[in-house]
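What follows is a set of notes on a single structure, which appears directly below.
So you know, we letter chains A, B, ... as the sequences are listed, proteins then strands, and number each from 1.
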Number of protein chains: 2
Amino acid sequence: MGAPAKTSPTPAKRPAGAGLLAAELRVAVMRTSRRLRAEAASRDISPGQYSVLAGILNGPLTVGELAEREQIQAPSMTRIVNGLETAGYVTRGDNPQDRRQVLVHVTEAGTAVLQRARSRRTQWLAKRVAALTPEERATLHEAARILQEMSAT
Amino acid sequence: MGAPAKTSPTPAKRPAGAGLLAAELRVAVMRTSRRLRAEAASRDISPGQYSVLAGILNGPLTVGELAEREQIQAPSMTRIVNGLETAGYVTRGDNPQDRRQVLVHVTEAGTAVLQRARSRRTQWLAKRVAALTPEERATLHEAARILQEMSAT
DNA sequence: TATTGTTATACTCTATAACTATA
DNA sequence: TATAGTTATAGAGTATAACAATA
C-alpha cells in the first residue's frame, strides 16, 4: 500500500499507488495543458515562444541549448526562433568561439512582450488559483516543483 | 496582490502570488504534458482515445457529452471516435429517444486495450512517481484533484 | 568524421464553417 | 428554427531525414 501520509492536508484521501497516481496525474496534466493552450491561444505569443523568451532573459543561449531545455528537437526550435526573429523579439548572433553555433538574444521588444504576456498568459490560471485556499496554493506550488524535476529527468 | 500565506507547510518556500504561481504551474504542466505525449507516443492508443475509452467504461455517452468532458469541439471528438471505431474499440449506436444523437459504446476489445494501455501509458510517469517520497506523492495526488477541478471550470 | 543548425516533408491534434438529419 | 453530429478545410506544433557549414 501507499504511505501513511501522516501530515496530509486532506485527511480523507490516502496517496494512491504509483500506478493509480500516475494515471490520475496524467489525465489531470493533459486536460489542464489542453485547457491552457486553448485559453491562451491567439494572444501575444505561443507557449513555446513564451518559454524561449523567458529562457534567454538572463543571457543568450544556442538553438541546441534551447531545444534541450524545452525537450523538443532542434528543427522545432529553429521554427520557434524563426517566428520570434520575424516578430523582432530575438536576434541571431554568431558565437566567435564556435561558428557552427547560433546564439539567440532577446531584444527590447522581446523583453517587453514577455512581460506583457506573462500577466496575460497566466490570466486564466491565475484567476482559478486566486480562488483556491492558501493550502491548495501551497500544494500546487510544491507540485509544480516536483513536476519540473520529473520532466527534467 | 495575493494572499499573505500565513500557514505554509513548506517553511522554506512561501506560496507565491497567484500570478507567479500560475506562471510556474503553467510551465510545469506544459512541459510535463509535452514529455508525456512524447514518451507515450505510438504505443497503443492516443491520449485523446485513452480518455474517451475511460469515459465510457461505465456506460455509453453521446459524442457531444464526450466533447464537453474532454473540453474539445465536436468535430475533434468525431475524429477521435472514428479512429476508435476503425480500430474496433467502440461502436456507434442510435439513441431511440433522440435519433439525432449518437451513443458511443466501448467494445470488449476496447476494454482490453484500455486496461493494457493503462499500465503502459503511465509507465514513464509511474517510474518517476515511485521514486518520490510519500509526502511528494500525497502532494501530487492532491494537486491532480485541484487541477481537475480547475480544468472543469 | 562528428556536430550544429537549417530545410524539406509529413503527421497529429486542434479549430471554424458549412452541411445533413432529426427535434 | 434549433440542435447533434459529420464533413471539409486550415492552422499550430511536433517529428524524422537530408543537407550545409564548421570543428
Side-chain angles (χ1 to χ4, degrees), chain A residues 29-52 56 60-87 90-105 121, chain B residues 29-52 56 60-87 90-105 151:
Chain A
V29 165
M30 292 309 289
R31 191 164 298 177
T32 304
S33 73
R34 228 174 304 152
R35 196 64 193 275
L36 269 172
R37 183 171 308 188
E39 295 291 336
S42 78
R43 298 181 188 181
D44 290 333
I45 49 183
S46 77
Q49 290 179 322
Y50 178 99
S51 293
V52 168
I56 60 177
L61 293 172
T62 69
V63 170
E65 286 168 339
L66 285 170
E68 194 184 354
R69 277 188 174 218
E70 299 298 318
Q71 310 263 5
I72 61 179
Q73 296 305 306
S76 302
M77 183 51 68
T78 289
R79 284 193 54 163
I80 294 176
V81 171
N82 284 346
L84 287 169
E85 192 177 31
T86 300
V90 304
T91 55
R92 281 178 161 90
D94 284 354
N95 179 358
Q97 287 157 351
D98 186 341
R99 301 235 317 272
R100 293 173 302 180
Q101 293 186 342
V102 171
L103 285 170
V104 183
H105 302 257
R121 274 272 143 183
Chain B
V29 166
M30 292 308 290
R31 191 164 299 176
T32 305
S33 72
R34 227 174 305 153
R35 197 63 192 273
L36 269 173
R37 181 171 310 188
E39 296 291 337
S42 78
R43 298 179 189 180
D44 290 334
I45 50 183
S46 76
Q49 290 179 322
Y50 179 99
S51 293
V52 167
I56 60 178
L61 293 172
T62 68
V63 171
E65 286 168 340
L66 285 170
E68 194 184 353
R69 276 186 176 222
E70 298 299 318
Q71 309 264 6
I72 61 178
Q73 296 304 305
S76 301
M77 184 51 69
T78 289
R79 284 197 55 165
I80 294 176
V81 171
N82 284 346
L84 287 169
E85 193 177 31
T86 301
V90 303
T91 55
R92 281 178 162 90
D94 283 354
N95 180 0
Q97 287 157 350
D98 185 341
R99 302 233 316 272
R100 293 172 302 181
Q101 293 186 343
V102 171
L103 284 170
V104 184
H105 303 257
S151 300

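For Ser46(B) and dT12(C), the shortest distance from a side-chain N or O to OP1 or OP2 is not below 4.0 Å. In terms of phosphate contacts, Ser76(A) brings no side-chain nitrogen or oxygen within less than 4.0 Å of OP1 or OP2 of dG13(D). Side-chain N/O atoms of Thr78(B) include none lying less than 4.0 angstrom from OP1 or OP2 on dT7(D).
Looking only at distances, no side-chain donor or acceptor of Ser51(B) sits under 3.5 Å from a matching main-chain atom of Gly48(B).
Just one residue in the list Ile72(B), Leu66(B), Val63(B) forms a side chain to side chain contact (heavy atoms under 4.5 Å, CB included) with Ile80(B), and that residue is Ile72(B).
Of all nucleotides listed (dT14(D), dA4(D), dG5(C)), dA4(D) comes nearest to the side chain of Arg100(B). Nearest nucleotide to the Ile72(B) side chain, out of dG5(C), dA23(D), dT14(C): dT14(C).
Rounded to the nearest 0.5 Å, atoms CD (Glu70(B)) and CE (Met30(A)) are 10.5 Å apart. In this structure, Thr62(B) OG1 and Arg92(B) CZ are separated by 11.5 Å, a value rounded to the nearest 0.5 Å.
As a whole-Å value, the separation of Arg31(A) CZ from dC13(C) C1' is 16 Å. Look at CD on Glu70(A): it is 9 Å from P on dT14(D), rounded to the nearest Å. Distance, Glu65(A) CD to dG5(C) C1': 13 Å, rounded to whole Å.
Nearest-nucleotide mapping onto DNA chain D: of Gly64(B) and Ile80(A), the residue sitting toward the 5' end is Gly64(B). When each of Gly48(B) and Arg79(A) is assigned the nucleotide of DNA chain C with its nearest heavy atom, Arg79(A) is the one assigned upstream, toward the 5' end.
Between the side chain of Arg99(B) and the base of dT22(C), no donor-acceptor pair of N or O atoms lies under 3.5 Å.
Gln101(B) comes within 4.0 angstrom of the backbone, heavy atoms only, and of no base.
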